Amino acid sequence: MSEQTKSGWLSRIREGLSRSSSRLSQGITDLFTKRKLDEAALEELEEMLIAADLGVTTAARVAALLAKSRFDQEISPEEIKSALAEEIATVLEPVALPLRPDPANKPHVVLVVGVNGSGKTTTIGKLAKSFRDQGLSVTLAAGDTFRAAAVEQLKVWGERTGSPVISRDQGADAAGLAFDALKEAQARRDDVLLIDTAGRLQNKTDLMAELEKIIRVLKRQDPMVPHDVLLVLDATVGQNAHSQVEIFRNITKVSGLVVTKLDGTAKGGVLVALAEKFKLPVHAIGVGEGIDDLRPFEAKAFARSLMGLD
Amino acid sequence: MFESLSSRLGDVFERLKRRGALSETDVSEALREVRVALLEADVALPVVKDFIASVKERAVGQDVVRSITPGQMVVKIVHDCLVETLGTAEDINLAAAAPVPVLMVGLQGSGKTTTSAKIALRLKTLDKKKVLLASLDIYRPAAQQQLEILARQADVGSLPILMGEKPVAIARRAMEMGRREGYDVVILDTAGRLHIDEALMAEVAEVRDAVTPTETLLVVDAMTGQDAVNLAREFNEKIGVTGMVLTRVDGDARGGAALSMRAVTGRPIKFLGAGEKLDALEVFHPDRVAGRILGMGDVVSLVEKAIGSFEEEEAEKLAAKMAKGKFDLDDMAAQFRQIKKMGDLKGIIGMLPGIGKLKKQIDEANIDNRMINRQEAIILSMTKGERKNPDLIKASRKRRIAAGAGVSIQDVNKLLKQHQQMADMMKKVSKMGKKGLMRHGLPGLLPPGGGRFGG
């Protein structure tokens with residue numbers, strides 16, 4: 001990646017997160033300019049982290065860590081923010097891993113799953129663009145055979161990125177389509193095959209079984225497939241993200257996360273809790289609707305930006 | 001698994017129930033747990049604080065200590081506060097000259113397009129309205145086609161798509177077509193937008209000014225986190241929301257967002273989206289939702305669901321057998337089928353009252369419909385005679401049944417043992433009679449150990 005795009009993405013994230021982080025950092029500034037780090041202050045700090053979707057447990061843990069070293073001390077807002085950012089970055093660092101298709105795989109198969117409306121199709125479009133920019137050949141499989149016009153939506157992304165789209169009519173068997181797509185991409189010796197799936201709520205057993213079937217059918221053609229299973233999470237989602245990761249992971253062996261819609265307010269907190277609990281790689285974040293609005297996830301920048309630093 | 005608000009509160013109140021009197025420390029402790037539970041259910045922090053304060057105020061005002069069942073007392077106060085915060089059920093407002101414009105707004109992926117079609121279908125079938133659907137989403141690829149297809153499925157009108165037309169122009173054209181062709185309602189589905197995207201918020205405000213909608217419905221995902229307050233406030237301030245629709249309530253999120261948004265906007269929640277099919281739209285019932293949150297069980301919903309899916313004939317047959325105290329393996333298989341038809345087992349159990357603990361056990365045992373399928377397969381591998389008279393089943397028959405169902409002999413044994421327990425229960429029930437059943441309630445009906453289906 002060139003220097004220019006690097007600074008580009010940093011500023012984009014900062015831009016995207018600035019509102020949420022300014023709210024958070026304003027709160028912290030108000031809280032600590034005039035007082036000691038006492039019980040009441042800690043509780044408020046904990047609450048602010050909760051309001052950023054960190055979740056009760058993670059917020060309590062982070063706040064307790066701070067209390068351990070700084071309790072009853074005069075502490076400046078800057079120090080608090082840096083300490084929190086460091087704490088958050090430590091949790092996120094190990095999971096900040098980009099998605100790298102293995103060139104030995106022809107194609108490297110990526111199955112994209114998630115609940116309805118999380119942004120799977122848009123993420124596939126953006127992923128296709130980034131792989132195409134790396135000079136890779138990409139095929140898209142329109143595996144959302146349920147939702148009206150989902151196939152048409154993916155076809156538009158295929159046109160935008162110059163990637164062939166394999167599709168069937170609405171209502172067709174998604175597993176059969178995935179199987180055909182795999183055979184076709186194998187025959188062409190494509191670099192990457194991105195398989196879209198219909199959105200499904202994780203508590204719907206029958207729909208989750210359908211997802212299992214897709215994987216089973218793919219494995220019949222090649223036991224190593226899919227090489228990656230991406231779970232797309234909407235950053236607006238609160239604590240239900242835990243349930244999503246847990247159940248999707250159990251059923252599909254999710255290998256990594258993509259977090260979308262991080263250009264809104266009060267984002268990121270849930271990621272900290274997820275990283276702590278599941279330790280799944282976060283491959284990329286979505287920061288807008290544009291074709292280039294998918295960024296690699298960088299722990300330190302993300303944490304500092306979330307705390308309104310830099 | 002994410003601990004639900006209902007089981008969380010269930011734990012708190014179970015603890016309270018075990019104590020004779022309720023001290024002030026108990027109240028504070030309970031409310032601390034309520035606070036955490038509400039936060040874990042994604043109720044926004046400021047809303048939680050207000051809520052806890054009002055519960056506390058009421059609990060202190062009343063003589064909680066002298067109450068016989070202090071836990072129930074607190075449950076009631078929390079429940080009442082919840083219902084009040086959630087507001088009353090209100091129907092969609094169509095009190096305006098036809099065609100009545102309805103504007104749908106919300107974030108990306110909240111479910112606006114599906115909800116638009118659901119409302120259209122509802123107005124058509126229940127209120128006999130002539131509805132026109134128009135998509136103003138010129139940004140997401142194929143969004144307009146999506147609404148067009150859904151309009152066809154719902155058999156309502158849809159505005160012909162003109163590529164390159166701007167949202168305000170589409171809205172005007174929709175209203176014009178509505179007037180010209182005698183539509184009662186025009187539903188304008190807009191593109192998903194972030195509440196902080198000033199350009200897009202200005203665009204939808206312009207649409208609002210062009211058509212002056214009677215209803216502006218904010219569509220929000222039930223899974224939404226703490227941000228629900230921000231987005232509801234911003235949409236309300238910038239566009240003026242008249243009501244809200246909470247989607248994906250068929251998921252396992254507790255829907256704390258409902259409380260947050262209601263508290264922050266004061267606008268009613270009008271509908272709940274509860275499935276992907278176009279008829280999966282429900283009217284909002286605050287007491288039901290509050291009851292479910294509190295672990296009191298969404299009994300009304302369960303009953304409705306049961307009526308919808310139980311085959312009467314089958315139920316009557318079973319009832320007749322139950323009255324006689326007879327319950328063979330065919331009846332057991334029939335029960336399995338009924339449970340499957342009613343939908344996901346966990347969902348059903350979540351609706352039952354006083355069952356938070358059991359739900360946890362089941363979650364931990366990872367029971368799902370596949371297990372029921374396996375149980376059913378075992379029964380289906382038996383001969384008719386064996387099903388009527390399980391005593392026939394000895395070692396060699398067990399081997400054959402296990403092979404036929406693709407399970408182990410232990411699985412067959414487990415099923416037979418479970419059947420024995422259920423049959424015993426049926427005998428007890430028939431002795432108790434209907435009154436007895438009512439008194440003992442549902443937990444009395446479940447097999448010991450919380451319905452371990454071979455888990």
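Computed over heavy atoms, backbone and side chain alike; hydrogens, waters and symmetry mates excluded. Within every chain, numbering begins at 1; the chains are lettered A, B, ... in the order of the sequence lines, protein sequences first and strands thereafter. The structure presented is a predicted model; accordingly, all values stated were derived computationally and were not measured.
- Here B:L39 is the residue among B:L39, B:D221, B:L231, B:V229 with the most heavy-atom pairs under 4.5 Å with chain A.
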Q. Can B:M223 and A:D234 be said to form a side chain to side chain contact (heavy atoms under 4.5 Å, CB included), step by step?
A. CA-CA 10 Å; B:M223 300 183 278; A:D234 182 334; over 6 Å; no
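- Within a 6.0 Å sphere centred on NZ of B:K238, other residues, nucleotides and ligands contribute more than 12 heavy atoms.
- Nearest approach of B:D227 to A:D53, heavy atoms of both residues: N-OD2, 4.3 Å.
- Between chain B and the residues A:A149, A:G125, A:A209, A:A150, the most heavy-atom pairs under 4.5 angstrom are made by A:A149.
- Of the two parts of A:V115, only the side chain, counted from C-beta on, holds a non-hydrogen atom closer than 4.5 Å to a non-hydrogen atom of chain B.
- Across A:Q170, A:E289, A:Q244, A:K155, the residue that shares the most heavy-atom pairs under 4.5 angstrom with chain B is A:E289.
- Annotation: maximal heavy-atom pairing with chain B below 4.5 Å, among A:E152, A:Q202, A:R160, occurs at A:Q202.
- Taking every heavy atom of both residues into account, B:D42 and A:G238 meet most closely at OD1-CA, 3.4 Å.
- Neither the backbone nor the side chain of B:R193 has a heavy atom closer than 4.5 Å to any heavy atom of chain A.
- In terms of heavy-atom pairs under 4.5 Å with chain A, the best-connected choice from B:L150, B:L107, B:L45, B:D197 is B:L45.
- Looking at A:E159, neither its backbone nor its side chain comes within 4.5 Å of chain B, counting heavy atoms on both sides.
- The two residues B:Q108 and A:K261 have their closest heavy-atom pair at O-NZ, 2.8 Å.
- Per-residue counts of heavy-atom pairs under 4.5 Å with chain A were compared for B:Q144, B:Q153, B:Q145, B:R248; the largest is that of B:R248.
- Between B:E40 and A:Q239, the shortest heavy-atom distance links the atoms O-CB, 3.4 Å.
- Each of B:P141, B:S110, B:G225, B:A142 has some count of heavy-atom pairs under 4.5 Å with chain A, and the biggest count is that of B:P141.
- With values rounded to the nearest 0.5 angstrom, B:T247 atom OG1 is found 9.0 Å from A:N116 atom CG.
- Neither the backbone nor the side chain of B:E148 has a heavy atom closer than 4.5 Å to any heavy atom of chain A.
- To the nearest 0.5 angstrom, A:T122 atom OG1 is 7.5 Å from B:R140 atom CZ.
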**Q.** CA sep, side-chain torsions, deciding dist, call: A:V56, B:R35, side chain to side chain contact (heavy atoms under 4.5 Å, CB included)
**A.** CA-CA 10 Å; A:V56 180; B:R35 173 181 170 275; 5.8 Å; no
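- Taking CG from B:L194 and CG from A:D263, the interatomic distance works out to 5.0 Å, rounded to the nearest 0.5 Å.
- The nearest pair of heavy atoms linking B:Q226 to A:I50 is CG-O, 3.3 Å.
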